[in-house]
Amino acid sequence: MTESFQETINKIREAFGQPESFIPLHEPRFRGNEKKYLNDAIDSTFVSSVGAYVDKVEMMLSQIAQTEKAVATVNGTAGIQIALKMVGVSEGEEVITQALTFIATANAIKHNGAVPVFLDVDLDTMGLSPDAVSNFLEEFGEIRENGVYNKKTNRRIAACLPMHTFGFPVHLDKLILVCEKWNLPIVEDSAESLGSTYRNKPTGSFGTLGVFSFNGNKVVTSGGGGVIVTNNHSLAARAKHITTTAKIPHPYEYVHDEIGFNYRLPNLNAALLCAQLEQLDIFLKSKRELASEYQQYFSKSGIHFRTELPETTANYWLMCIELETRKERDLFLSASNSAGVMTRPIWQLLTRSAMYSSCQKDEQKNATFLEDRIVNVPSSAR
Ligand SMILES: *Cc1c(COP(=O)(O)O)cnc(C)c1O
């Protein structure tokens with residue numbers, strides 16, 4: 001077994017043309033207009049929350065996501081927090097999501113004073129399972145005058161927040177049907193899935209709102225940043241207002257009409273993002289080529305490499321393999337990391353961390369299975 005892992009490690013090194021040096025899991029590439037646009041932003045003196053690059057990236061992102069509107073935010077977590085607020089999530093209410101996700105998904109719920117309900121994922125997508133949502137609502141849901149309530153907790157269930165794990169889209173058609181039946185708005189945590197599509201439509205454009213992240217490890221980066229996308233003009237206007245301190249536009253007077261947030265993406269970061277977005281297609285193509293090399297290699301060596309499902313395209317943000325047991329997973333993690341090839345297990349279920357251990361959850365059968373077996377392998381654009 002160790003021998004075949006050595007072969008796999010060599011293959012990854014070969015794919016990156018790095019016979020010896022450390023290979024990170026995902027590193028950004030700055031090969032376009034990054035320095036030019038950053039210098040330009042500095043020369044303009046507009047480095048903060050107002051500037052031409054902020055407007056420009058919002059235009060580019062509404063094009064990429066095929067939505068009417070885009071509102072840039074200081075990071076993805078803040079974007080999800082505000083998107084949830086836009087669909088009416090309030091203190092003491094509940095939001096349905098998955099436990100197999102990055103912690104930001106649940107934190108964004110908590111930042112609204114709301115409570116996550118953790119439901120299972122599908123084995124094939126690794127994202128929120130429409131069947132799990134349906135089963136939960138059939139058992140605990142009750143439609144009342146102003147929405148669906150959880151009979152067990154007596155709290156209103158205000159939204160559903162699916163996450164497209166590693167850029168593989170969830171079963172959106174089925175999930176939308178379930179959520180429509182129960183009158184639940186969807187906010188897509190598309191932080192990992194910029195460039196992924198479901199039936200030829202970009203992820204992020206299916207929910208009432210969707211949110212992307214541009215953290216340093218994502219497909220494209222602004223250093224730190226995020227964006228809310230939506231087709232709803234009034235929600236977009238409200239999201240922009242509340243993320244820019246709720247200031248009423250005026251040439252010199254400072255009047256604010258509610259307690260807002262300082263969540264706007266700085267123009268300096270937007271300049272970097274603008275140059276990165278220009279290269280998105282190049283990055284996506286490069287990652288697909290790597291995925292296809294991995295697929296050929298892993299299928300020969302009998303290891304399950306995860307590929308996109310029918311009727312979807314994945315952005316292959318973080319590529320992953322599924323090992324047979326937790327023990328095998330641990331052996332591979334240890335062999336690869338000690339050989340300078342960075343690999344990482346999928347997240348531990350959020351229900352295991354102290355902050356979320358008392359939240360309502362279902363059996364987590366699929367999530368636990370994947371937690372024990374999925375490992376990310378180096379996935380940078382080359
Ligand atoms: C990256 C990420 C976010 C947002 O992260 P930020 O670092 O705040 O931009 C949210 N959810 C998931 C699943 C992510 O991977």
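These numbers come from the heavy atoms of this one structure, side chains and all, not from hydrogens, waters or symmetry mates. Start at 1 with the first residue, then count along the sequence. In each ligand, atom 1 is the first atom listed, and ligand 1 is the first ligand listed.
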*Taking the six-membered ring of Y149, is the NZ or CZ of R144 close enough (under 6.0 Å from the centre) and on axis enough (within 45°)?*
yes
*Give a yes or no on whether the ring-centroid distance for W347 and F166 is below 6.0 angstrom.*
yes
_Residue by residue, ordered by chain and number, which ones reach under 4.0 Å of ligand 1 with a heavy atom?_
N75, G76, T77, I80, T101, F102, A104, T105, M163, D189, A191, E192, S213, N215, K218, G225
Listed pairs under 3.5 Å, donor-acceptor, residues 106-113 side chains, sequence neighbours left out:
unit_1	atom_1	unit_2	atom_2	d
N107	OD1	Y356	OH	2.6
N112	ND2	Q81	O	3.0
N112	ND2	A108	O	3.2

*asked:* Both conditions, 6.0 Å and 45 degrees, for the charged tip of K56 above the ring of Y37: are they met here?
replied: yes
*Could you list the residues that satisfy side chain to side chain contact (heavy atoms under 4.5 Å, CB included) with A291, not counting sequence neighbours?*
F305, Y316, M319
Can you list, pair by pair, the side-chain donor-acceptor contacts under 3.5 Å of residues 175-185, counting residues two or more places apart and other chains?
unit_1	atom_1	unit_2	atom_2	d
K181	NZ	E138	OE2	2.7

